[in-house]
Amino acid sequence: MVKSVPDYFASMVFNERVMQERLPKQTYKMMRQVIETGRRLDRDVADIVANAMKDWAVEKGATHFTHWFQPMTGITAEKHDSFIMPVEGGSIIMEFSGKELIQGEPDASSFPNGGLRATFEARGYTAWDPTSFAFIKDDTLCIPTAFYSYGGQALDKKTPLLRSMEVLNKQALRILRLFGDTEVLRVNATVGAEQEYFIIDKEMFKKRKDLLYCGRTLFGAKSPKGQELDDHYFGAIKDRVKAFMADLNDALWKLGVLAKTEHNEVAPAQHEMASVFETVNISCDHNQVTMEVMKRIAERHGLACLLHEKPFAGINGSGKHNNWSLSTDKGVNLLEPGDSPMENVKFLTFLTALIKAVDDYQDLLRISVASAGNDHRLGGNEAPPAIISMFIGEELETIIDSIERGIECGGKGREVMKVGVQVLPRFFKDTTDRNRTSPFAFTGNKFEFRMLGSAVSIACPNFILNTIVAEALSQFAEELGGGGVACIDSANN
């Protein structure tokens, strides 16, 4: 009997459902507080969680555990240790302690560290991030962790991302308190990441040494057929690629990745996968897992997955669309305009904070997406230009312009789409278009940052975006009498 997707979704994830089943009631309650409010985890609680996590993982066939972290290489790293522990009589038991769960010791001098560590100063630490669930991959329990040097310097992508989430939460709450909102306890940046990629035949790939060694073609004739006819975009997915996508979805769903959308992209052999919104930390973790799984599944199908931003000249390159928004723990999207955006002062406050942040720190946003591969892509074919600009749509632009000029904005009601066919259902036009010339565009209830490259982690653009928005909110709060310090300093500390 074939299992339905809800039956096996996140079957390889030690998530809240599993915790509730396997942890004592009080321990589960404490873990919920750790995840939802950032409460510090007690060591005795960690011992209970570690034992339950080990039992669950062993039942799933896991023999090893690893602190899964994201050094500044742009990919993930892991050191595996088995659960075995010797006992008298030459036997073993399977054991996993709270100390092993909380802390690991990798080599901090052999990873990129900006010269902070010499070879003889090698010790570093990984620290468990309980806000991102552990998962099983290749019979190994993977525990998402942050990575530090012996001196406490952050040497990874997760640490600054978590710091930026904290400072953004702090400043967003200050603004909400000024609006009289005392019920919201946490504000999270949420991200839905779109991942573009190319799929080509593995044997053809192996014949191209430039693709093999550089990830992109360096020479050769132009393809006899490119994307001139736009017939590949949203076209019927070929059987071989569809089989790859089916296996990819199956693997990602087991790991709790909310893989949602799949389609042919504009360039021949180019495709896209998009996931549902999650907190930015988990979205980043899941995107790293996605890139790894994509390459592995492609190999099984005799295919090669190319994540380079511009593997072929003259056609579209691949990027990531980073759909960013702010949500409260009550489920409210702070970038949702509502039916009357001109009267929604809370929404307008967060919107103008974003506009100010991008205007003040556009250089940081540009740097956050800069790479050799991505700079080949930006400005070419469908990709956005390398210049930072924002698009908010005609309606919001009119509202902001009226506020700035001090005049009344009448606004206009929602417009019904008219296509001249009676049988088609009625629906309303969106208030914003999909502006392909803007790398930072408002798309209804979120901003789509379209400059990210397909091969790199989404962490850096997001921790910069979180921090600069927090800085703008901090300035707003101070001007309105909220007090406090500038948050770029807070994030650095």
Side-chain angles (χ1 to χ4, degrees), residues 66-79 102-129 131-132 143-168 189 214-215 280-281 283-285 287-289 291-292 307-309 320 322 357 360-376 378 386 388 449 451-471 485-493:
T66 180
H67 274 197
W68 182 81
F69 59 104
Q70 301 171 36
M72 292 184 286
T73 56
I75 55 177
T76 59
E78 47 196 71
K79 180 187 75 171
I102 289 173
Q103 177 191 318
E105 185 200 337
D107 189 330
S109 66
S110 296
F111 287 102
N113 59 65
L116 291 170
R117 307 297 290 159
T119 306
F120 64 87
E121 297 173 314
R123 190 185 299 275
Y125 298 104
T126 49
W128 176 36
D129 171 18
T131 64
S132 185
I143 302 158
T145 54
F147 180 38
Y148 302 86
S149 75
Y150 183 72
Q153 295 91 352
L155 299 179
D156 68 340
K157 303 279 189 179
K158 181 180 280 286
T159 302
L161 186 59
L162 291 173
R163 288 175 177 173
S164 73
M165 291 172 67
E166 285 298 318
V167 77
L168 179 60
C214 303
V280 63
N281 179 38
S283 183
C284 181
D285 286 356
N287 186 249
Q288 292 292 133
V289 169
M291 290 191 289
E292 179 184 340
L307 293 177
H308 192 285
E309 286 81 6
K320 287 185 172 88
N322 191 82
D360 289 347
Y361 296 104
Q362 55 188 282
D363 51 347
L364 291 181
L365 287 174
R366 176 65 182 91
I367 290 169
S368 76
V369 299
S371 69
N374 202 33
D375 283 3
H376 276 98
L378 293 176
I388 301 284
F449 189 22
M451 293 182 77
L452 283 66
S454 57
V456 298
S457 167
I458 68 172
C460 183
N462 279 297
F463 68 65
I464 287 178
L465 183 56
N466 290 349
T467 308
I468 64 176
V469 173
E471 173 70 9
V485 295
C487 15
I488 285 190
D489 292 336
S490 300
N492 289 336
N493 294 328

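- Under a cut-off of 6.0 angstrom, the local environment of OH in Y150 is sparse, with at most 12 non-hydrogen atoms contributed by other residues, nucleotides or ligands.
- Between T467 and I464 there is no side-chain heavy-atom pair separated by less than 4.5 Å.
- Taking both residues in full, the closest heavy atoms of G453 and N374 are given as CA-OD1, 3.4 Å, listed atom of the first, atom of the second, then distance.
- Checked options I367, L465, I468, I388; the residue passing with Y361 is I468 (criterion: side chain to side chain contact (heavy atoms under 4.5 Å, CB included)).
- Side chains of Y148 and T159 form a contact here, defined as non-hydrogen atoms less than 4.5 Å apart.
- For E166, the salt bridge (Lys or Arg N to Asp or Glu O under 4.0 Å) partners two or more places apart in sequence, or in a different chain, are R186.
- Between D285 and K157, none of the side-chain N atoms (NZ, or NE/NH1/NH2) sits under 4.0 Å from a carboxylate O, so this pair counts as no salt bridge.
- Annotation: side chain to side chain donor-acceptor pair (under 3.5 Å) contacts of S368 (sequence neighbours excluded): none.
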Run the side-chain contact (heavy atoms from CB on, under 4.5 Å) check on C284 and L161 step by step: do they pass? CA-CA 9 Å; C284 181; L161 186 59; 3.9 Å; yes

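- Of the possible polar contacts, none joining the K320 side chain to the L452 backbone as a donor-acceptor pair under 3.5 Å is found.
- N462 places a side-chain N or O within donor-acceptor distance of the main-chain N or O of I458, the cut-off being under 3.5 Å.
- To the nearest 0.5 angstrom, M451 atom CE is 8.0 Å from D375 atom CG.
- Residues passing the ring pair (Phe, Tyr, Trp, His ring centres under 6.0 Å) test with Y125: none are found, sequence neighbours excluded.
- Here R123 contributes atom CZ and R117 contributes atom CZ; the two are 9.5 Å apart, rounded to the nearest 0.5 Å.
- Residues passing the side chain to side chain donor-acceptor pair (under 3.5 Å) test with T145, sequence neighbours excluded: none.
- Judged by distance alone, with hydrogens and angles left aside, the side-chain atoms of Q70 form no donor-acceptor pair with the main-chain N or O of D156 at under 3.5 Å.
- Between S457 and P461 the shortest heavy-atom distance is O-CD, 3.9 Å.
- Annotation: side chain to side chain donor-acceptor pair (under 3.5 Å) contacts of T76 (sequence neighbours excluded): none.
- For the side-chain contact (heavy atoms from CB on, under 4.5 Å) test, residues two or more places apart in sequence or in another chain that qualify with A189 are L168, V280, W324, L326, N466.
- Under the side-chain contact (heavy atoms from CB on, under 4.5 Å) criterion, P106 pairs with F69, T126, F147, sequence neighbours left out.
- Residues that satisfy the side-chain contact (heavy atoms from CB on, under 4.5 Å) test with D129, not counting sequence neighbours, are T131, S132, K158, L162, N281.
- Shown here are the ring pair (Phe, Tyr, Trp, His ring centres under 6.0 Å) partners of F449, two or more places apart in sequence or in another chain: F440.
- Looking at heavy atoms from C-beta onward, S149 lies out of side-chain contact with N113 at the 4.5 angstrom threshold.
- Looking only at distances, a side-chain donor or acceptor of R366 sits under 3.5 Å from a matching main-chain atom of A386.
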I would like to know whether I75 and M291 meet side-chain contact (heavy atoms from CB on, under 4.5 Å); could you show each step before the answer? CA-CA 9 Å; I75 55 177; M291 290 191 289; over 6 Å; no

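- Every residue two or more places apart in sequence or in another chain that forms a side chain to side chain donor-acceptor pair (under 3.5 Å) with D107 is listed here: S109, S110.
- Identified under the salt bridge (Lys or Arg N to Asp or Glu O under 4.0 Å) test for residues 67-78, with sequence neighbours left out: E78-K137.
- The side-chain contact (heavy atoms from CB on, under 4.5 Å) check on A372 picks up nothing, with sequence neighbours excluded.
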